[in-house]
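One structure below.
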Amino acid sequence: MADDGYVLVTGGAGYIGSHTVLELLNAGYKVVVVDNLVNSSEEAIRRVEQLAGNVHVPFFNTDIRDYDGLDKIFTQYKVSAVLHFAGLKAVGESVQKPLEYHDNNVAGTITLLKVMRAHGSNVFVFSSSATVYGDATRFENMIPIPEECPTDPTSPYGHTKLIIEEILRDVAGSNDAQIKVGILRYFNPIGAHPSGRIGEDPRGIPNNLLPFVAQVAVGRREKLQVFGNDYDSRDGTPIRDYIHVVDLAKGHLAAVKKLNSITQPAFSREWNLGTGNGSTVFEIVHAFEKATNKPIPVEVVGRRKGDVVNLTAKPSRANTELDWHAQLTIDDSCRDLWKWATANPWGYGEQPDK
Ligand code: UD1
């Protein structure tokens with residue numbers, strides 16, 4: 001259970017944020033959401049409110065780079081913890097628009113931290129990514145990947161995640177803000193809430209595997225392009241650690257609980273959130289076909305720039321220190337994704353995209 005303050009969730013209308021807001025509400029936390037809706041929908045918050053039993057969630061359409069806007073929210077609500085999801089996350093786009101990525105992700109986080117310092121808010125959980133590791137196969141014995149694996153991201157997006165991590169470690173190591181920081185390195189979140197009411201709703205053509213597969217299955221796209229089958233893996237396609245988004249959401253509650261239990265004023269720690277099991281692209285496609293009873297036409301094309309062969313987590317640090325384990329399977333994820341996709345073939349919107 002929470003103390004008397006609010007948990008402020010940036011990016012709370014987005015895919016992972018909305019699932020985490022729901023878990024927080026179900027656990028009795030009071031939540032306030034800040035989101036600029038650049039890649040999300042306010043409808044997600046309305047549905048979360050319903051799923052939680054018609055709990056009201058204060059929502060602010062505010063950009064995290066807006067110091068005054070954030071300052072007003074922190075003045076209105078006593079914020080005991082911040083879960084920071086808001087950020088741009090498309091790898092390819094980050095190569096085209098690096099300044100926008102650094103401005104949104106890095107400068108936005110700095111602004112948020114300054115507002116927290118001004119209000120004495122001192123628990124911070126950050127959405128980092130396994131992308132900070134880069135190609136872990138460059139070392140012997142680094143698959144599954146432990147948090148000690150040296151970092152080396154391969155895109156501007158990945159750089160922003162690592163730079164923010166460094167900033168957080170610096171801030172936590174100083175007496176300046178007296179902040180307690182949890183850095184959560186996500187592997188590949190998939191699936192949807194089992195109700196089928198909230199899920200992933202990417203704008204435009206999906207970059208990620210499962211949203212694309214789901215759009216093929218509902219008839220929005222003709223076929224899946226598989227980006228390379230000449231990798232050093234059991235079927236030639238890359239291996240990822242796919243984790244159900246509800247398990248991932250619960251990892252945030254475990255992190256908040258852990259940080260609240262820490263008495264030292266300045267603290268930071270990285271935790272991998274993954275299952276420890278890797279699946280290839282073809283294995284995922286087959287699992288989805290099995291769950292939906294629908295064939296997914298595929299075409300193997302060339303490799304996608306920046307893809308690495310294997311990102312599988314070693315989750316033992318989070319298992320032990322957070323008392324958290326991923327519990328749901330790939331089949332659960334595919335079933336729940338299908339429920340979301342069939343009930344909401346156009347996501348939260350009504351109009352087909354171009
Ligand atoms: C990527 C980023 C990650 C980011 C995440 C969310 C890397 C290494 N990873 O994850 O940091 O947080 O996106 O945006 O940069 N695939 C296809 N066809 C498709 C789409 C994907 O074959 O149409 C394959 C990819 O080659 C990959 C796997 O599916 O092997 C998973 O891809 P994706 O869902 O995009 O996730 P990552 O690339 O692992």
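Just so we're clear, the structure is a prediction, and the values are computed from it rather than from any experiment. Atoms within each ligand, like the ligands themselves, are counted from 1 in listed order.
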Which atom pairs, donor and acceptor, lie under 3.5 Å between side-chain atoms of residues 89-100 and protein residues at least two apart or in another chain?
| unit_1 | atom_1 | unit_2 | atom_2 | d |
| --- | --- | --- | --- | --- |
| Glu93 | OE1 | Tyr101 | OH | 2.4 |
| Ser94 | OG | Val91 | O | 2.6 |
| Ser94 | OG | Tyr157 | N | 3.0 |

Going by the angle between their ring planes, with limits at 30° and 60°, are Phe60 and Tyr77 parallel, tilted or perpendicular?
perpendicular
Would you say Val309 and Ile239 make side-chain contact, with heavy atoms under 4.5 Å?
no
Passing option when Lys250 is tested against Leu253, Val246, Leu248 for side chain to side chain contact (heavy atoms under 4.5 Å, CB included)
Val246
For ligand 1, give me the residues whose heavy-atom distance to it is below 4.0 Å, by chain and number please.
Lys89, Val91, Ser129, Thr131, Tyr157, Asn188, Asn207, Asn208, Leu209, Leu224, Gln225, Val226, Phe227, Pro238, Arg240, Tyr242, Val281, Arg304, Asp307, Leu311
Among all residues two or more places apart in sequence or in another chain, which pass the ring pair (Phe, Tyr, Trp, His ring centres under 6.0 Å) test with Phe124?
His84
For Tyr15, which residues count as a ring pair (Phe, Tyr, Trp, His ring centres under 6.0 Å) partner, sequence neighbours excluded?
His19
